[in-house]
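First the structure, in the form of structure tokens, and then the observations on it.
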Amino acid sequence: IFEGELAARQRVAQRYAKGLADIVTVPVVASGSQSAWAQYTIRVPANRRTDAVKTLHADGVPTNIYYPRPLHHQAAYRHFPISGNGLPVSEQLSQEVLSLPMHPYLGADDQDWIIACVRRRAQ
């Protein structure tokens, strides 16, 4: 069933992208590559993320922030060198990302509801 689940995840990702790309930053897979879509992580402005998460949870939409701290802030990487200006992109992304429900059995009606909630809350 693995191939079928990958295809289903791709359909879910495409539906999210179509429904959300005009209001949040959605993930893009490089041409010639494929994602297994273990997560569907969007970017919202850092000053809106906390409120978006709270209100999405209040709406019943589970979200998660899988990457709350950049790798260079984690103990295992504290001795790795970083450039003189730090890692500003990593810092920024850690403040902007949140992940939406993602699995191969996410029905169109449920996904439409999630998209509608995100559209109301992430703008």
Side-chain angles (χ1 to χ4, degrees):
I1 66 170
F2 184 65
E3 289 299 323
E5 287 194 355
L6 286 178
R9 286 176 174 273
Q10 182 61 39
R11 285 190 296 274
V12 171
Q14 288 172 336
R15 187 180 197 90
Y16 272 143
K18 184 177 179 184
L20 297 173
D22 64 322
I23 62 159
V24 298
T25 303
V26 298
V28 176
V29 177
S31 179
S33 298
Q34 183 177 356
S35 176
W37 297 107
Q39 301 158 8
Y40 193 86
T41 302
I42 60 173
R43 289 175 58 190
V44 298
N47 64 341
R48 295 188 192 145
R49 184 177 74 174
T50 298
D51 287 340
V53 168
K54 285 180 186 177
T55 55
L56 287 168
H57 285 190
D59 287 343
V61 177
T63 66
N64 203 342
I65 299 170
Y66 290 103
Y67 313 107
R69 291 187 317 170
L71 283 178
H72 66 286
H73 285 202
Q74 297 181 25
Y77 295 95
R78 83 174 131 230
H79 300 296
F80 280 61
I82 60 173
S83 65
N85 68 340
L87 298 171
V89 174
S90 293
E91 298 281 347
Q92 180 179 354
L93 290 174
S94 72
Q95 301 301 308
E96 295 178 346
V97 297
L98 69 97
S99 296
L100 301 176
M102 168 52 93
H103 58 83
Y105 309 107
L106 188 58
D109 290 343
D110 288 335
Q111 196 175 16
D112 287 344
W113 174 73
I114 293 166
I115 290 168
C117 290
V118 171
R119 290 189 69 80
R120 279 196 313 273
R121 306 305 189 179
Q123 294 185 3

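These numbers were taken from a predicted model, which means no experiment stands behind them.
A continuous path of ILVMFWY side-chain contacts below 4.5 Å connects I65 to Y40, so both sit in one hydrophobic cluster. Clustering ILVMFWY residues whenever any of their side-chain heavy atoms sit less than 4.5 angstrom apart, transitively, puts Y16 in a cluster other than the one holding V97. Y77 and Y67 are members of different hydrophobic clusters when ILVMFWY side chains are connected at heavy-atom separations under 4.5 Å. Hydrophobic clustering (ILVMFWY, side-chain heavy atoms < 4.5 Å, transitive): V53 and I23 are in one cluster.
Put simply, CZ on R15 and NZ on K18 are 8.0 Å apart, with the number rounded to the nearest 0.5 Å. Between atom CG of residue N64 and atom CE of residue M102 there is a gap of 14.5 Å, rounded to the nearest 0.5 Å. Rounded to the nearest 0.5 Å, atoms NE2 (H103) and CG (D110) are 7.5 Å apart. Note: T41 OG1 to L98 CG = 8.0 Å, rounded to the nearest 0.5 Å. Note that NE2 of H72 is 4.5 Å distant from CG of L87, once rounded to the nearest 0.5 Å. Separation of atoms CG (L71) and CD1 (I82) is listed at 12.0 Å; rounding is to 0.5 Å.
Nearest heavy-atom pair, R69 versus Q74, reported as atom, atom and distance to 0.1 Å: O-NE2, 3.2 Å. A pairwise comparison of heavy atoms in G19 and I115 identifies O-CG2, 3.6 Å as the closest pair. For L106 against P101, the heavy-atom pair with the smallest separation is CD2-O, 3.6 Å.
Put simply, the residue from V44, V61, L56 that forms a side chain to side chain contact (heavy atoms under 4.5 Å, CB included) with R121 is L56.
Looking at P104 and F2, their side chains never come closer than 4.5 Å, going by heavy atoms from C-beta outward.
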Tell me which donor-acceptor pairs under 3.5 Å the side chains of residues 29-38 have, and how far apart each pair is, sequence neighbours excluded?
residue: S35; atom: OG; partner: W37; partner atom: N; Å: 2.9
residue: W37; atom: NE1; partner: Q10; partner atom: OE1; Å: 3.0

